[in-house]
Protein chains: 2
Amino acid sequence: MSSEQPHLGALESLVGYRLRRAWSAFSADFAAAMEGTGLRQVPLAVLSIIAANPGINQGATGRALGIKRANMVALINELVEKQWIERATDANDRRALTLTLTTAGEAVMAEALQRIEGHENRMLSDMQPEERSLLLDLLSRIERRSPSAEAEDLGNG
Amino acid sequence: MSSEQPHLGALESLVGYRLRRAWSAFSADFAAAMEGTGLRQVPLAVLSIIAANPGINQGATGRALGIKRANMVALINELVEKQWIERATDANDRRALTLTLTTAGEAVMAEALQRIEGHENRMLSDMQPEERSLLLDLLSRIERRSPSAEAEDLGNG
DNA sequence: TATTGTTATACTCTATAACTATA
DNA sequence: TATAGTTATAGAGTATAACAATA
C-alpha cells in the first residue's frame, strides 16, 4: 500500500510548509534540550535581549521579539519570581520598568546556551558550515517582510 | 537611545530563533492571503494530502502531517461540513475512514494555491530562484531530524 | 492626549487519557 | 491484543479591550 508514505501534493515545494515542519522539529528538540532548566523558547529570548541590553525596559524588550505588551507581564513576572532578572522603575520615566539579569540569570543563560549549541548542532548535523550560515542568512532575510507586530492600539487603516 | 533597536545577543546567530521569526512572518502573511476562503494552514495541508492521495484514510493523513489522531477528528469534521471532502468507511477495514476531495474541494484548493503562490512570491521577493530552491532544500533536510510524532500510545522507553 | 504597564478574557493549537468498534 | 476513530479536557501561546499611572 503506497498510502503509508503518501504524496505531499502541492505542499512538496511550498517554503511555508517546509518552514512549518522544520520549525516544529526544532521546537520539539529545543524543549527536550531545555528539560530541567525551567526555560522555554520565549522566556529564553527575553533573557537574551535583557542580557544584551542591560536596563532595557519591558516594552522595548517585547517589541524586539514581537511579543504583545499584555503578554509580557506574566513572562516578566515568571523571570522575576525565578530570580533570573531584576525589575526596577526607570528614574527617567516612572511608568517604565527597567530590566537586568541577576547573577543567577547569567548562570542559567550560560547553561541554556551550552545546551542550545548541542541542540542546533544536532538539528543541523548534516549541513556543512557554509550551508548552515547560508540558511541563517536566508531566514534572516525573510523576517523583514513581516507586517510589524504591535498594530494593537492603532486604527486599522 | 540605542535601546529602541536593541541587540539580540545570543539570539543573533541561532538558527532556531531565525526559524521562529521567519515562520511567524510567514504565518501572518499566509493568514492574510487566505482571508475569505475559510482556510487555515493545517486544513489546507490536510486537503493537499487528500488531493494527492484520493481515498487515503484519516490516520495516514494525520501521520503524514504530524497531527495527532485526536486532533484529526474536528479537522475532518470541519472539511466535511464545508463539503470540501467526502468521508466513507473503508470496505476493507470497517474501522477506517477513507477521504476524497469533492468538486468544491478541488475548487477551493485551486483558489488557495493561487493565493499561496502570491504569498510565497511576496515573502521571498528578495531571493534569487536558486536561493529560493536552496532554502527549500535546506529546510527539507531539517525535518528528518525530528523524533517521529505519534509516540502517543507507546511506552516511553 | 499618548504611552507604560496591568488585568481579564477569549480563541487557537496541540497534548493526554480513556473509551468504542472493529481487526 | 492492536488499531482506527472518538470524546473530553487541559495546557500553551497569543490576541483584544479596558483601565491606572505617568508623561
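In what follows, every chain begins at residue 1, and chains take the letters A, B, ... in the order their sequences are listed. Every value quoted in this text rests on a predicted model; they were computed, and no experiment measured them.
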(message) Within residues 77-99 of chain A, which residues have any heavy atom lying less than 4.0 Å from an atom of DNA chain C?
(response) Arg95(A), Ala96(A), Leu97(A)

(request) Send over the distance from Ile67(A) CD1 to dT6(C) P, rounded to a whole Å. (result) 14 Å

(request) Check the hydrophobic clustering (I, L, V, M, F, W, Y; side-chain heavy atoms under 4.5 Å; chains of links allowed) and say if Val80(A) and Ile49(A) are grouped together. (result) yes

(message) Of the options dA18(C), dT7(D), dT6(C), whose atoms approach the side-chain atoms of Arg69(A) most closely?
(response) dT6(C)

(request) Count the heavy atoms belonging to other residues, nucleotides or ligands that lie under 6.0 Å from CD of Glu130(A), then report whether that count exceeds 12. (result) yes

(request) Answer yes or no: does atom CD of Glu111(A) have more than 12 heavy-atom neighbours from other residues, nucleotides or ligands under 6.0 Å? (result) yes

(request) Look at the side chain of Asn71(B) and the base of dA15(C), then say whether one donor and one acceptor between them are separated by less than 3.5 Å. (result) yes

(message) Check Arg122(B) with Glu117(B), please: is the shortest side-chain N to carboxylate O separation under 4.0 Å?
(response) no

(request) Answer yes if the side chains of Arg63(A) and Asn57(A) hold a donor-acceptor pair under 3.5 Å, and no otherwise. (result) no

For nucleotides 11-13 of chain D, print each protein N/O atom paired with a nucleotide N/O atom at under 3.5 Å, atom names and distance only.
| unit_1 | atom_1 | unit_2 | atom_2 | d |
| --- | --- | --- | --- | --- |
| dG13(D) | OP2 | Arg40(A) | NE | 3.0 |

(request) Check whether any side-chain heavy atom of Val42(A) sits under 4.5 Å from a side-chain heavy atom of Leu65(A), and report yes or no. (result) no

(request) Flag the pair Arg115(A) and Glu120(A) as a salt bridge only when some basic side-chain nitrogen lies within less than 4.0 angstrom of an acidic carboxylate oxygen. (result) no

(message) Nearest 0.5 Å, please: how far is CG in Leu134(A) from CD in Gln128(A)?
(response) 12.5 Å

(message) Holding to side-chain hydrogen bond (donor to acceptor under 3.5 Å, both in side chains), I want the full list of residues that pass it with Glu106(B), two or more places apart in sequence or in another chain.
(response) none

(request) Using whole Å, report how far CD of Gln58(A) lies from P of dT3(C). (result) 17 Å

(request) Starting from C1' on dA18(D), measure out to NZ on Lys68(A) and report it in whole angstrom. (result) 16 Å

(message) Between P on dA4(D) and CD1 on Ile56(B), what's the gap in Å once rounded to a whole number?
(response) 12 Å

(message) Can you measure Leu39(B) atom CG to dT12(C) atom P for me and round it to whole angstrom units?
(response) 15 Å

(request) May I have the distance from Ile76(A) (atom CD1) to dT4(C) (atom P), rounded to whole angstrom? (result) 15 Å

(request) Can you tell me the distance, in whole Å, between the CG atom of Leu75(B) and the C1' atom of dA15(C)? (result) 15 Å

